Undergrad: 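Please see the structure below; I have some questions.
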Amino acid sequence: MLVTGAGGQLGQALLEAFPGATGLTRADWDVTHPAPSNLATDCCKVLHAAAWTDVDGAEDDPQGAAAVNVGGTRHAAELGVPLVAFSTDYVFDGTKRSPYVESDSPNPLSAYGRSKLHAEAAAGERAWVVRTSGLFGWTGRNFVAKMLELARERDEVTVVDDQRTAPAYVGHLASAIHDVLELPFGVYHLAADGDCTWAEFAEAVFAEAGVDCRVRRITSAEFGAKAQRPAYSVLRSERGGPTLPHWRDGLRECVARLAPG
Ligand SMILES: NC(=O)c1ccc[n+]([C@@H]2O[C@H](COP(=O)([O-])OP(=O)(O)OC[C@H]3O[C@@H](n4cnc5c(N)ncnc54)[C@H](OP(=O)(O)O)[C@@H]3O)[C@@H](O)[C@H]2O)c1
């Protein structure tokens, strides 16, 4: 098993869920280039977690995002072995008000979402394309870490309350990949059970961490992010993809792991 993006939050979790897998950081393989020649014969499956994940940054450099997400996935597929490619709820436009299933038509609102949709195609025929949402874990830059960092500096944070999703704990997602590998190739939605807005999620972060910080609910328009995000992007599987445990359980595990000592 080969794990790309091994320094990222999902890559780290995959290395724990697949003991013995070989992790590749950007220093080992910059996926915008074809793989180093010795990799092609060494592995039986690739868990491709390397990606451009700066959603707002992709608006300024869509070609850079495409080089990593589309080119990188194509290069991973060119290894000629079965591939797990990770994709996103941001391939949808968020106009639905019931969960998105695999047969729903994508319509990305952002350069990042477009790059990930093209990346799905670049994964080829021998791939499991795993769409997931709102990843958080014990390493890297993510919403949970950001909220706890802000709470150390202030007693109120402003968080958008008009984007609803099902945030997935990387530990739960990585474990569920064992089940995905038993399914036929194709697209699968893997999200946490339950759903919430980012403001609701922030309140839960502070409650779980025992931190005293208020959440002021604002709109996406007030927040003014560069990239447009879907207002509703809860994912569910109609194809037998596993549902992850509830996001609140994932959050509890994550906060426990982040706690000092
Ligand atoms: N984060 C989310 O909320 C979310 C939601 C839905 C889907 N996903 C998808 O889930 C997957 C994993 O995301 P994540 O949250 O684990 O992201 P992450 O923490 O940002 O990790 C991405 C990893 O990819 C590496 N990388 C970037 N460019 C590279 C390149 N040219 N060559 C090799 N490695 C490169 C990064 O290395 P550096 O540290 O050196 O940049 C980083 O280690 C991605 O496919 C992402 O699109 C994420």
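What's counted below: heavy atoms across the whole structure, side chains too, no hydrogens, waters or symmetry copies. Quick caveat, the model's predicted, so the values are computed rather than measured. Start at 1 and go down the list; that is how both ligands and their atoms are numbered.
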Undergrad: Report yes if G11 has an N/O atom closer than 3.5 Å to an N/O atom of ligand 1; otherwise report no.
TA: no

Undergrad: Give yes or no for whether the N/O distance cutoff of 3.5 Å, strictly under, is met between T53 and ligand 1.
TA: yes

Undergrad: When you compare the side chain of Y188 with that of D179, does any pair of heavy atoms fall below 4.5 Å?
TA: no

Undergrad: Report yes or no: does F136 have a heavy atom closer than 4.0 Å to ligand 1?
TA: no

Undergrad: Report yes if some N/O of W52 lies less than 3.5 Å from some N/O of ligand 1; otherwise report no.
TA: no

Undergrad: Please report the C-alpha distance between S87 and E120 in whole Å, then the side-chain angles of each, then the deciding distance to 0.1 Å, and finally whether the side-chain hydrogen bond (donor to acceptor under 3.5 Å, both in side chains) criterion is met.
TA: CA-CA 7 Å; S87 190; E120 292 183 1; 2.7 Å; yes

Undergrad: Determine whether the side chain, the backbone, both or neither of V68 has a heavy atom under 4.0 Å from any heavy atom of ligand 1.
TA: side chain

Undergrad: Give the atoms of ligand 1, by number and element, whose distance to some non-hydrogen atom of Y112 is under 4.0 Å.
TA: 8 (N), 46 (C), 47 (O)

Undergrad: Touching ligand 1 at all, S87? Heavy atoms, strictly under 4.0 Å?
TA: yes

Undergrad: Classify the side-chain pair D162/T219 by whether it contains a donor and acceptor separated by less than 3.5 Å.
TA: no

Undergrad: Indicate yes or no: does an N/O atom of L10 lie under 3.5 Å from an N/O atom of ligand 1?
TA: yes

Undergrad: Going from NE2 on H172 to CZ on F136, what distance comes out if it is rounded to the nearest 0.5 angstrom?
TA: 8.0 Å

